[in-house]
Amino acid sequence: MTDKLTAEYLLPDLSDAERSRLARVESILPAVAAAAEEADATAKFPEGHAKLFADAGLLGLVVPEEYGGLGGGLRDLAATTYALGTVCGSTALSFFFHCSASSRGLLPLAAIDAGLYDEADVPEIRAFAEKVLTRMGTGQNLMGNFASEAVKASNANVLISTTATKVDGGWVLNGEKSFGCLSGTADYYLVTAARDDVAGIDGLGLFLVARDSEGARPRAAWRGLGMRASDNFGLVLENCFVPEGEALAVPGGFTNATKMSRGSWVGNQVAIAAIYAGVARGVWEYALTRTMGAKFADTGKPIASSPMHQVLIGDGEAALGEAHLWLRRQIELEASEPPILPKEDVVASWRLAKGAICEHSFTVATSALKMCGTSGALMENEIGRAVRDTAMGLVQAFPAERGRLDLAKTIVEQEGWAGLTTRDSMGGTR
């Protein structure tokens, strides 16, 4: 009988191929766990982690084998971020942002196959998509993925105000990205920006910015509540030149690609939610082990046997179970072949699932905190990290209340949810 993988607590029905890929993840968990406390205390992505992941072949986890990757899919990614989350939420988040760059290659290729582009534009779009995938697979480059910005719009989750101006031989980018891991660490930044000569979301393009490019620098030190070791410094672009061949700037090139995602506008965001469920499982196992191992001095029974602890154990088990159920359902909706539901229903489910997973995960972490008491409430131990990291899930991307509101509007007002927009799309000017 084979040993159970951490990923199998989330997906017990792994195929042989999935299990082989996730065995690589399991092999690096001890090293990730060993670095977690210092990484959190110093708020730095561990220097050796890029090589650790590269040596395990995991930088190409979700890249097709023809581009040098392992050929994994969304189930692999969600199971991996879940497993990593059990030992270090920051590392899991950073790894997700690296892997999310693959959608900038996979979705355009899918859109080509679906005939969504003019034939004249296909060579340029294909070349960019394959470049992204090859650098992640064969090249084993670490990618940062930067879309989110500090400026917000009332009608969309992401407002893109970073601009791209055409110049001889390429493009010049200007703007600030407020959120995105591996700033100052990734080999390349995959930046979403709006062409200043094309109005609306069809002007959105993708640009590969090398880490040492002139005019590109981290935005500000990340002093967040949680996920402190993800190098989440954002990105400042000041007259940053990007060569022609490092861009996908065909009008509609990016937005047509997003039509191919099964769920959210870039796909695979459910794998972020998997991180919080993984953090919850990790801290729950810590709390149970701690309270089962500690004994009452007068009876010799485990502290976990007290009525208060048993109530907390029941609450925590229920919350962890619900987080897993929501997560498995959403993964199935986004990964099943053939699709179970139409895209609009999958997106509607995601609006509820994200908040439910994160709120239940936070409940597990706070139950673990109560179980371990004052002596366990240390800033950088498993309890402290888990409470802070799962708290970030309450606000990351969007809070549960926003998701429920979006769904309610869709039901009552038949108002679709806008995943992203630009200033021009809002009727403004650059």
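- A salt bridge links Arg262 with Glu337: at least one charged nitrogen is closer than 4.0 Å to a carboxylate oxygen.
- For the pair Ser90 (side chain) and Ala229 (backbone), a donor-acceptor distance under 3.5 Å is present.
- Between Gly316 and Val364, the closest heavy-atom pair is O-CG2, 3.7 Å.
- None of Val132, Leu204, Leu190, Leu206 except one satisfies the side chain to side chain contact (heavy atoms under 4.5 Å, CB included) rule with Leu248; the exception is Leu206.
- Atoms OG1 and CZ, from Thr390 and Arg385 in turn, are 12.5 Å apart once rounded to the nearest 0.5 Å.
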(request) For side-chain hydrogen bond (donor to acceptor under 3.5 Å, both in side chains), just list the numbers for Ser375 and Arg290, CA-CA rounded to whole Å, side-chain angles, deciding distance to a tenth of an Å, and then say yes or no. (result) CA-CA 11 Å; Ser375 63; Arg290 181 184 173 104; 2.9 Å; yes

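- In this model, no donor atom of one side chain and acceptor atom of the other lie less than 3.5 Å apart for Asp315 and Ser367.
- Contact check on Arg135 versus Glu246 returns a salt bridge, with a Lys/Arg side-chain nitrogen under 4.0 Å from an Asp/Glu carboxylate oxygen.
- With hydrogens and angles disregarded, no donor-acceptor distance shorter than 3.5 Å links the side chain of Lys343 to the backbone of Met260.
- To the nearest 0.5 Å, the span separating CG on Leu74 from OG on Ser103 amounts to 11.0 Å.
- A salt bridge is absent between Asp76 and Arg24; no separation between the charged side-chain nitrogens and carboxylate oxygens falls under 4.0 Å.
- By the 4.5 Å heavy-atom criterion applied to side chains, Arg126 and Pro108 are not counted as neighbours.
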(request) Please assess Asp231 against Ser183 for the test side-chain hydrogen bond (donor to acceptor under 3.5 Å, both in side chains), listing each intermediate value before the final yes or no. (result) CA-CA 6 Å; Asp231 287 358; Ser183 178; over 6 Å; no

(request) Verify ring pair (Phe, Tyr, Trp, His ring centres under 6.0 Å) between Phe97 and Phe179, making sure each step is shown before the conclusion. (result) CA-CA 10 Å; Phe97 268 88; Phe179 186 85; 5.4 Å; yes

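- For the pair Phe254 and Leu107, the minimum side-chain heavy-atom distance is 4.5 Å or more.
- In this structure a side-chain-to-backbone donor-acceptor pair under 3.5 Å is present from Asn232 to Gly180.
- The minimum heavy-atom distance between Ala247 and Phe207, with the atom names listed, is CB-CD2, 3.5 Å.
- At least one donor-acceptor pair closer than 3.5 Å links the side chain of Lys354 to the backbone N or O of Gln396.
- Side chains of Lys301 and Ser306: a donor-acceptor N/O pair is absent below 3.5 angstrom, by distance only.
- Here Arg228 does not pair with Asp389 in a salt bridge; the nearest charged N to carboxylate O distance is not below 4.0 Å.
- In this structure the side chain of Pro399 never reaches within 4.5 angstrom of the side chain of Leu394, judged on heavy atoms.
- The backbone N or O of Ala36 sits nowhere less than 3.5 Å from a side-chain atom of Asp40 that would complete a donor-acceptor pair.
- A donor atom on one side chain and an acceptor atom on the other are not found under 3.5 Å apart for Asn268 and Ser100.
- Residues Ile160 and Ala194 come closest through the heavy atom pair CG2-N, 4.0 Å.
- In this structure, the side chain of Gln140 engages the main chain of Gly137 through a donor-acceptor pair within 3.5 Å.
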(request) Check step by step if side-chain contact (heavy atoms from CB on, under 4.5 Å) holds for Arg21 and Val25. (result) CA-CA 7 Å; Arg21 289 187 287 266; Val25 179; over 6 Å; no

(request) Step by step, work out the side-chain hydrogen bond (donor to acceptor under 3.5 Å, both in side chains) result for Tyr82 and Arg281. (result) CA-CA 9 Å; Tyr82 174 86; Arg281 169 164 289 283; 2.6 Å; yes

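- For Asp298, the CG atom counts as densely surrounded, since its 6.0 Å shell holds more than 12 non-hydrogen atoms of other residues, nucleotides or ligands.
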(request) Might you work through the side-chain contact (heavy atoms from CB on, under 4.5 Å) test for Asp345 and Ile340, ending with a clear yes or no? (result) CA-CA 10 Å; Asp345 292 340; Ile340 297 173; over 6 Å; no

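- In terms of heavy atoms, Leu29 sits closest to Val87 at CD2-CG2, 4.0 Å.
- A cation-pi geometry, defined here as NZ or CZ lying under 6.0 Å from the six-membered ring centre and within 45° of its normal, does not hold between Arg104 and Phe128.
- Judged by distance alone, with hydrogens and angles left aside, the side-chain atoms of Thr91 form no donor-acceptor pair with the main-chain N or O of Cys88 at under 3.5 Å.
- The shortest distance between side-chain heavy atoms of Leu235 and Arg217 does not fall below 4.5 Å.
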(message) Does Glu359 form a salt bridge (charged side-chain N to carboxylate O under 4.0 Å, His left out) with Arg404? I'd like the steps, not just the answer.
(response) CA-CA 13 Å; Glu359 288 189 327; Arg404 292 192 286 263; 3.7 Å; yes

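- Contact annotation: the side chain of Phe146 never approaches that of Thr192 to less than 4.5 Å [non-hydrogen atoms, C-beta and beyond].
- A pairwise comparison of heavy atoms in Ala323 and Ser361 identifies CB-OG, 4.1 Å as the closest pair.
- The shortest distance between side-chain heavy atoms of Phe95 and Leu61 falls below 4.5 Å.
- By the neighbour-count criterion of 12 heavy atoms within 6.0 Å, atom CD of Glu401 is densely surrounded, having more than that number from other residues, nucleotides or ligands.
- Under the 3.5 Å distance criterion, with hydrogens and angles disregarded, no donor-acceptor pair is assigned to the side chains of Glu176 and Thr162.
- Ion pair Arg75/Glu18 flagged as a salt bridge, since at least one NZ, NE, NH1 or NH2 atom sits closer than 4.0 Å to an Asp/Glu carboxylate oxygen.
- Between Asp55 and Lys51 a salt bridge is recorded (basic side-chain N to carboxylate O distance below 4.0 Å).
- In terms of heavy atoms, Ile28 sits closest to Ala56 at CG2-CB, 4.0 Å.
- A donor-acceptor pair under 3.5 Å is absent between the side-chain atoms of Asn141 and the main chain of Asp187, judged by distance alone.
- The number of heavy-atom neighbours closer than 6.0 Å to CD of Glu38, taken from other residues, nucleotides and ligands shown, is 12 or below.
- A donor-acceptor pair under 3.5 Å links the side-chain atoms of Thr81 to the main chain of Ala78, judged by distance alone.
- Proximity of Leu59 to His98: side-chain heavy atoms (C-beta onward) are separated by under 4.5 Å at one or more points.
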(message) Using side-chain hydrogen bond (donor to acceptor under 3.5 Å, both in side chains), reason through Arg219 and Ser178 one step at a time and then give a plain yes or no.
(response) CA-CA 7 Å; Arg219 178 173 178 255; Ser178 61; 5.2 Å; no

(request) Take Met227 and Ile275, measure what side-chain contact (heavy atoms from CB on, under 4.5 Å) needs, and give me the verdict at the end. (result) CA-CA 11 Å; Met227 310 294 192; Ile275 297 170; 4.0 Å; yes

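- For the residue pair Thr363 / His360, no side-chain donor-acceptor distance below 3.5 Å is found, with atom types taken as modelled.
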(message) Could you walk me through whether Leu182 and Tyr189 satisfy the side-chain contact (heavy atoms from CB on, under 4.5 Å) test, starting with their C-alpha distance in whole Å, then the side-chain angles of each, then the deciding distance to 0.1 Å, before giving a yes or no?
(response) CA-CA 9 Å; Leu182 301 172; Tyr189 307 133; 6.0 Å; no

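- In this model, no donor atom of one side chain and acceptor atom of the other lie less than 3.5 Å apart for Ser305 and Gln310.
- Ring orientation note: the planes of Phe53 and His49 are nearly perpendicular, at an angle over 60° on the 30°/60° scale.
- Two residues are said to be in side-chain contact when any heavy atoms from C-beta on lie closer than 4.5 Å; Leu173 and Val191 meet this criterion.
- No donor-acceptor distance shorter than 3.5 angstrom exists from the side chain of Tyr117 to the backbone of Ala111, with no hydrogens or angles considered.
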